[in-house]
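Some notes on the structure that comes next.
Counting convention: from 1, in listed order, for ligands and their atoms alike.
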Amino acid sequence: MTIAQRTESVVASKEDAGSKILRHASLLSGQLQQLRMRMYPPKSEKMLRQFLTNEVSKLTSIPDSTLKLMSSEGRGPVPSRLENNHRVYTLSQVNELRELFAAQKPSDALRFLPRRREGEHLQVLAIANFKGGSAKTTTCVHLAHYLAMHGYRVLALDLDPQASLSALFGAQPEMDVGANETIYAALRYDDAERRPIRDIIRKTYFDGVDLIPGNLEVMEYEHETPRVLANRSGSGAIFFERLKLALAEVENDYDVVILDTPPSLGFLTLSAIYAATSMIITVHPAMLDVASMSQFLLMMGDLISVLNESGGQLDQDFIRYLVTRHNPNDAPQSQVVAMLRHLFGPDVLLPTAIESTAVEAAGLAKRSIYELEMGQLGRDTHKRAREAVDAVNEAIVGLLNKSWGRP
Ligand SMILES: Nc1ncnc2c1ncn2[C@@H]1O[C@H](COP(=O)(O)OP(=O)(O)OP(=O)(O)O)[C@@H](O)[C@H]1O
Ligand SMILES: [Mg+2]
């Protein structure tokens, strides 16, 4: 064999870049699947912890003593007992209690069952920012859990092909979400394949939260939309209206829809902003992140003008900035937070999402802070994190209530 021939055969056997990347993708995906099977075997599907009497009392405003009395008299849902004999309720039992008390005391029903009433519109809350890692998904999952624990009916919608929100709800994008099972199914332009949004909504293990999962398929919308726009093809509404119209079909089933958007300003994010009745822009208080947010706002402003010109009116009850992964002891961060507050005043939510090892550890275990049992982490760390997350959620719920005209 001549040198030239040898080189040729080496070159021929050398893997090209595309094959190599595909091979790596398949290796990694296999490995991740194995890890997942070890950590979450299919039989041990995600389950929600149970709630101790004092927590149930705080969540429902039903006194501790009343709960204990009901339980010993055999009235209402029957709690299980822990080894130490403490009573624990499932979230679905907590919701049963809510219904019971709301029915017993109609004048005070709103306190027990805060669902929206006649005349109060569905809130569609988009969590957005094209800066990756600004805690959009973490904010979504904590808000969804908080709302459900307080008796609201929530639809969580994963618009991100990375599908981290779906994974947090136990729907692994590669394993559990098949073709035509993401929001793309309800938005797509071909009549034959399009599905009603109701058909793609799934119940989750978290009572009160339904999910529309995401996976890579949602990217199809980014590819199809320009084609349809260029050819003036595709049936139904213009791209930015499709999500809003789809959500209108299930309007009566929910109080709040939470939209987790991808870190990009594509057609899906734009549809989310258009469908939204309110928006939270998450921002990590670092100069680079703020610079990127400035670009995001400029681009969004431009796009909103384009929407307005095409006859789409944005109608939002509130837009707020939420400072995320905030370390109050970090001087440069404090400067950025002070600057944001100076520039945007009350549009920056007062409570901030404090950086916390508990939130991070929960995230790694694909959980929210609300799902961890007290004692799974240091008690103080857990308590502090929970209080910080609660404060953010309380502020958002305050805004939702205000938009419903509640005191
Ligand atoms: N308060 C917090 N304390 C500690 N870690 C946090 C906190 N909030 C978020 N994180 C972590 O930061 C990382 C990024 O968060 P997250 O996935 O929510 O961001 P994102 O904006 O949704 O990202 P992407 O743009 O990729 O969708 C995650 O590992 C998450 O666990
Ligand atoms: Mg995300």
Checklist entry - Can an N or O of S134 be found at a distance shorter than 3.5 Å from an N or O of ligand 1? => result yes

Do [X] and [Y] get their side chains close enough for a donor-acceptor pair, meaning under 3.5 Å?
X	Y	value
H145	S368	yes
D160	Q162	yes
Q316	S278	no

Checklist entry - Under a 4.0 Å heavy-atom limit, does Q162 contact ligand 1 with its side chain, its backbone, both, or neither? => result side chain

Item to check | I354 and ligand 1 - part of the residue with a heavy-atom distance under 4.0 Å | outcome: backbone

Next on the checklist: I'd like to know if the Mg ion (ligand 2) has an N/O/S atom from T137 within less than 2.8 Å of it, counting both backbone and side-chain atoms.
Outcome noted: yes

Checklist entry - Aromatic ring centroids of F130 and F296 under 6.0 Å? => result yes

Next on the checklist: Measuring centre to centre across the rings, with the benzene-like ring taken for any Trp, is H142 within less than 6.0 Å of Y146?
Outcome noted: no

Checklist entry - Under the 3.5 angstrom rule, does the side chain of R325 hit a backbone N or O of S134 as a donor-acceptor pair? => result no

Item to check | Residue G132 vicinity, atoms of ligand 1 by number, heavy atom under 4.0 Å | outcome: 25 (O)

Checklist entry - Which of the atoms of ligand 1 are close to D160, meaning less than 4.0 Å from one of its heavy atoms? => result 27 (O)

Checklist entry - Is S164 near ligand 1, meaning one of its heavy atoms is under 4.0 Å from it? => result no

Among protein heavy atoms, which sits nearest to [atom], and what does the distance come to when rounded to 0.1 Å?
atom	result
atom 3 (N) of ligand 1	S356 N, 2.8 Å
atom 11 (C) of ligand 1	R325 CD, 4.3 Å
atom 25 (O) of ligand 1	K136 NZ, 2.8 Å

Checklist entry - Relative to F51, does R49 satisfy both conditions: NZ or CZ under 6.0 angstrom from the six-membered ring centre, and within 45 degrees of the ring's axis? => result yes

Item to check | Closest to atom 16 (P) of ligand 1 among T324, L165, T138 (heavy-atom distance) | outcome: T138

Item to check | Any protein heavy atom < 4.0 Å from atom 30 (C) of ligand 1 | outcome: yes

Next on the checklist: Would you say that T60 contacts R111 through its side chain, given a criterion of any heavy-atom pair below 4.5 Å between the two side chains?
Outcome noted: no

